[in-house]
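The model shown is predicted, which means the values in this text are computed figures rather than measured ones. The chain is numbered in sequence order, starting from 1. Only this structure's heavy atoms are used, side chains among them; waters, hydrogens and symmetry mates stay out.
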Amino acid sequence: MDGVVPTGAGTGLGYKSSDWRLRIPNIDSPIEDDEIPELSTIESGGSGKFYLDSRAADDFDAMMAAAKKDGMNLYVSSSYRTPAYQKNLFEKRVKAAMANGESRAEAENTVAKETARPGTSDHMLGLAVDFNGVKNAFKDTKEYDWLIEHCAEYGFILRYPEDKVDITKVSYEPWHYRYVGKEHAAVIMEKKICLEEYVQDLG
């Protein structure tokens, strides 16, 4: 749209390879129709039905079972999102920002710091999960500490670390975890890097 300078979520490194687990969508390489995954219901830890890419679902359910066994109170707040849902979510938040006096361009750039533009969300790939109410306070919980210690064992990573905002183009999200597979997750979490750095290192 005229006057909008894309910033924030969806404007970082785009990456598409033969390994579906490492896909990073962005505005220059948005999610295509043939990338919409086959879905399976996952253990939510609470009420409501949530879905992930079927290839990631078993590992996720195993992680939830392990967390429960260790006394953690983890529950899913968001997982797979349809293209229409992501578009409507972004537009709703843009309109709310505009109602507070921002121009369309300002509103899109404000919203994009925390909400991916349509076609650029890991949620649309069926590989992302948000936990426990999507709150920054999650970082101060034992559940967060458990995930940081154990998520890689099940193929998941903290997607948007606090010290990687300049690379990911997304604000710190302690609640947002992304499936990349166990071998990739082990390296990413051990090195304390983000997914963008990891795929760049792969060359």
Side-chain angles (χ1 to χ4, degrees), residues 1-37 39 50-53 56 76-100 102-131 134-136 156-181 184-185 188 193-202:
M1 183 172 292
D2 186 45
V4 175
V5 179
T7 62
T11 61
L13 171 73
Y15 186 79
K16 187 176 184 180
S17 73
S18 58
D19 191 337
W20 57 274
R21 300 170 300 177
L22 300 180
R23 173 71 159 107
I24 304 176
N26 72 353
I27 59 174
D28 296 317
S29 181
I31 297 167
E32 304 291 342
D33 290 343
D34 63 1
E35 293 184 88
I36 303 302
L39 300 168
F50 295 89
Y51 304 87
L52 280 185
D53 185 311
V76 177
S77 295
S78 181
S79 56
Y80 172 71
R81 296 175 184 167
T82 65
Y85 182 95
Q86 188 67 32
K87 181 179 180 179
N88 290 338
L89 177 65
F90 188 80
E91 188 63 24
K92 178 181 178 181
R93 292 178 178 176
V94 167
K95 287 181 178 178
M98 291 174 69
N100 288 329
E102 295 187 18
S103 68
R104 175 78 195 195
E106 291 170 337
E108 284 202 16
N109 291 334
T110 296
V111 171
K113 292 176 182 177
E114 297 184 350
T115 303
R117 298 171 187 275
T120 70
S121 172
D122 284 347
H123 285 286
M124 292 173 59
L125 292 172
L127 299 176
V129 177
D130 293 338
F131 286 107
V134 191
K135 299 174 181 177
N136 281 327
F156 286 83
I157 61 169
L158 175 65
R159 180 63 182 93
Y160 299 117
E162 189 169 18
D163 60 344
K164 304 296 181 181
V165 174
D166 59 328
I167 299 172
T168 65
K169 312 301 181 187
V170 179
S171 299
Y172 174 43
E173 296 188 353
W175 61 82
H176 184 123
Y177 290 77
R178 156 74 189 254
Y179 186 78
V180 295
H184 300 309
I188 291 170
I193 59 177
C194 61
L195 183 56
E196 285 80 0
E197 290 175 302
Y198 181 72
V199 299
Q200 285 182 321
D201 287 346
L202 292 178

Shortest non-hydrogen separation from [X] to [Y] and the atoms involved:
X    : Y    : result
E114 : S171 : CG-OG, 3.8 Å
P30  : R23  : O-NH2, 3.0 Å
V134 : S77  : CG2-CB, 3.8 Å
P25  : I31  : CB-CG1, 3.6 Å
A116 : A9   : CA-CB, 3.5 Å
M124 : G119 : SD-N, 3.5 Å

Exercise for the section: Mind checking side-chain hydrogen bond (donor to acceptor under 3.5 Å, both in side chains) for D53 and listing every partner two or more places apart, or none if nothing turns up? Expected result: R55
Exercise for the section: Flag yes if more than 12 heavy atoms outside D33 fall under 6.0 Å of its CG atom; otherwise flag no. Expected result: no
Exercise for the section: May I ask you to check whether over 12 heavy atoms, not counting those of K16, lie within 6.0 Å of atom NZ? Expected result: yes
Handout entry: Charged N-O contact under 4.0 Å between E196 and K169
Key = no
Handout entry: Full working for salt bridge (Lys or Arg N to Asp or Glu O under 4.0 Å) between E106 and K113
Key = CA-CA 11 Å; E106 291 170 337; K113 292 176 182 177; over 6 Å; no
Could you tell me whether a side-chain N or O of [X] sits under 3.5 Å from a main-chain N or O of [Y], the two making a donor and an acceptor?
X    : Y    : answer
E91  : N88  : no
S79  : V129 : no
H123 : Y80  : no

Problem - side chain to side chain donor-acceptor pair (under 3.5 Å) between T11 and R117, intermediate numbers included - result: CA-CA 9 Å; T11 61; R117 298 171 187 275; 6.0 Å; no
As an exercise, state the distance from [atom1] of [X] to [atom2] of [Y], rounded to the nearest 0.5 Å.
X    : Y    : atom1 : atom2 : value
K87  : T82  : NZ    : OG1   : 11.5 Å
E173 : E162 : CD    : CD    : 12.0 Å
R93  : T110 : CZ    : OG1   : 13.0 Å
I24  : L127 : CD1   : CG    : 11.5 Å
D130 : F50  : CG    : CZ    : 9.5 Å
T120 : L125 : OG1   : CG    : 10.0 Å

Handout entry: Mutual orientation of the aromatic rings belonging to F156 and Y179 [parallel < 30°, tilted 30-60°, perpendicular > 60°]
Key = perpendicular
Problem - Non-hydrogen side-chain atoms of V170 and R159 separated by less than 4.5 Å - result: no
Problem - Side-chain touch F90/E108, heavy atoms, less than 4.5 angstrom - result: yes
Practice task
For H184, check ring-ring contact (aromatic ring centres under 6.0 Å, His included) against everything at least two apart and list the hits.
Solution key: Y198
Practice task
Sort out for me which residue in I167, V199, T168, L195 forms a side chain to side chain contact (heavy atoms under 4.5 Å, CB included) with L13.
Solution key: V199
